[in-house]
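In what follows, a single structure is set out as structure tokens and then discussed.
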Amino acid sequence: MILTVTLNPSVDRALEVDALVRGEVLRAADSHIDPGGKGVNVSRALLANGVRSTAVVPTGGAEGEQLVDLLNAEGVDLLSVPIAGRTRSNITLAEPDGTVTKINEAGPVLSDTEFAQVSKAVLDAAAQADWVVICGSLPPGPSIDAFTDLCSRLVGAGYRLAVDSSGPALLAGVAAGAALVKPNREELAEAVGAEPTTLGDVVEACRRLRAAGAGAVLASLGADGAVLVDGDGVLAGISPVSVPRSTVGAGDALLAGFLAAGARGAAALTEGLAWGAAAVSLPGSRMPTPADLDRTHVRVTPDPDPSRPLHS
Ligand SMILES: Nc1ncnc2c1ncn2[C@@H]1O[C@H](COP(=O)(O)OP(=O)(O)OP(=O)(O)O)[C@@H](O)[C@H]1O
Ligand SMILES: O=P(O)(O)OC[C@@]1(O)O[C@H](CO)[C@@H](O)[C@@H]1O
């Protein structure tokens, strides 16, 4: 079982517009409402592909009730922790060429007591888990020290921790010794203080995060695919998508597929890339099902060409 933790979940509303024009009344060609948050999406993708997962989410207000209803409707095994604040709503504006503009609320303040309740739910459920996967932004409230303490307690108890977050939370997961971190290109650049322009830059940045404590680094690179740097060495892969529809949740699907396939080696990276590419071809933050997956176009190579440039 893979336990996901989303400290700042969301109700995701995606609106498809012909073109994003500021100051105008735009008519949405289509719209979608999905349960959201990075860990929630990992659980949704795993469930859709027959892998057991439990999602821990703080929920509050009418939006929190809506999130629980949406997750129950998808059959997601849920550990929801009631909070006083209101679960946030995040907006995606998607254009026909695949351009996505996202407006994410900060989310509700999580009190020290509420964070302690969420942490207890995580630590209690972790005993049944093969992985504990903490994903997404921190809500207002919990300090980075409190987050670091949760990560350290999980690692110290011998659980395999994966962290997909940004800024100080990503670095906290690295320092705590997470078995796996999943930064995207921007998060990797922020973590090491340098903008990668080639595959070699990405590998070097991943190696720096491993030296700082991470066991493995799965760096997602958008249309440039993903790079895995772990104790076995370096793998790089791409998953071409002819017409991207919505990249929202693609990184969550990549992580879910990678974990579902054992979180190690070319087969796991191939699976993650297939899930990520499938998610990009779906609207909103829809997670792929087995029928959406096509592994035939995924290419994974060991020791990739370090001079290969990344899309600008
Ligand atoms: N335009 C694209 N074409 C092909 N594959 C893509 C594209 N965008 C994303 N992907 C696939 O999805 C994976 C994750 O994408 P990305 O690096 O954007 O993750 P992310 O920023 O974490 O996404 P999110 O935060 O929305 O989940 C990539 O590694 C790649 O396999
Ligand atoms: O604000 P965060 O936590 O960084 O990101 C939240 C979010 O954008 O991430 C998911 C896509 O990865 C969406 O479901 C959700 O709206």
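Both counts, for ligands and for their atoms, begin at 1 and track the order of listing.
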Would you mind checking which non-hydrogen protein atom is closest to atom 10 (C) of ligand 2, with the distance to 0.1 Å?
-> Asn41 ND2, 3.6 Å
Which of the atoms of ligand 2 are close to Gly136, meaning less than 4.0 Å from one of its heavy atoms?
-> 3 (O)
Atom 4 (O) of ligand 2 [closest protein heavy-atom partner, distance rounded to 0.1 Å] = Lys38 CE, 3.5 Å
Region of Ser10 engaging ligand 2 - heavy atom pairs below 4.0 Å = side chain
Cluster companions of Ile238 among Ile, Leu, Val, Met, Phe, Trp, Tyr (side-chain spacing under 4.5 Å) | none
Gly249 near ligand 2 by a heavy-atom separation under 4.0 Å | yes
So is there a nitrogen or oxygen of Val248 less than 3.5 Å from a nitrogen or oxygen in ligand 2?
-> no
Single hit among Thr54, Asp124, Val5 for side chain to side chain contact (heavy atoms under 4.5 Å, CB included) with Leu79 = Thr54
Does Arg88 have a heavy atom less than 4.0 Å from any atom of ligand 2?
-> yes
Drop me the distance from Ser220's OG to Asp164's CG, to the nearest 0.5 angstrom.
-> 7.0 Å
Is it the case that one hydrophobic cluster holds both Val118 and Leu78, taking links as side-chain heavy atoms less than 4.5 Å apart, direct or via other members?
-> no
Say whether Asp145 and Thr148, considering side chains only, have a donor N or O and an acceptor N or O under 3.5 Å apart.
-> no
What do you reckon, is CZ of Arg13 surrounded by more than 12 foreign heavy atoms closer than 6.0 Å?
-> no
For Gly36, atoms of ligand 2 separated by under 4.0 Å from a heavy atom | 14 (O)
Residues which pass salt bridge (Lys or Arg N to Asp or Glu O under 4.0 Å) with Arg264, listed by chain and number, not counting sequence neighbours = Asp232
Of Asn104, Asp12, Ile91, the one whose closest heavy atom lies nearest atom 14 (O) of ligand 2 is Asp12
From CG (Leu199) to CD (Glu204), nearest 0.5 Å | 12.5 Å
Ligand-side contact atoms (ligand 2) for residue partner Asn90, heavy atom cut-off under 4.0 Å = 6 (C), 15 (C), 16 (O)
Which parts of the protein, at residue level, reach under 4.0 Å of ligand 1 through a heavy atom?
-> Lys38, Lys182, Asn184, Ser220, Leu221, Gly222, Ala223, Gly225, Ala226, Ser239, Val241, Pro244, Thr247, Val248, Gly249, Ala250, Gly251, Asp252, Leu254, Leu273, Gly276, Val280
Does Val100 sit in a hydrophobic cluster with other residues, and if so which ones, taking ILVMFWY side chains as linked at heavy-atom separations under 4.5 Å, directly or through other members?
-> Val248
With a 3.5 Å cut-off and no angle check, do the side chains of Thr59 and Thr87 form a donor-acceptor pair?
-> no
Atom 11 (C) of ligand 2 - nearest protein heavy atom and its distance | Asp252 OD2, 3.3 Å
Spacing of CG belonging to Asp69 relative to CD belonging to Glu63, to within rounding of 0.5 Å = 12.0 Å
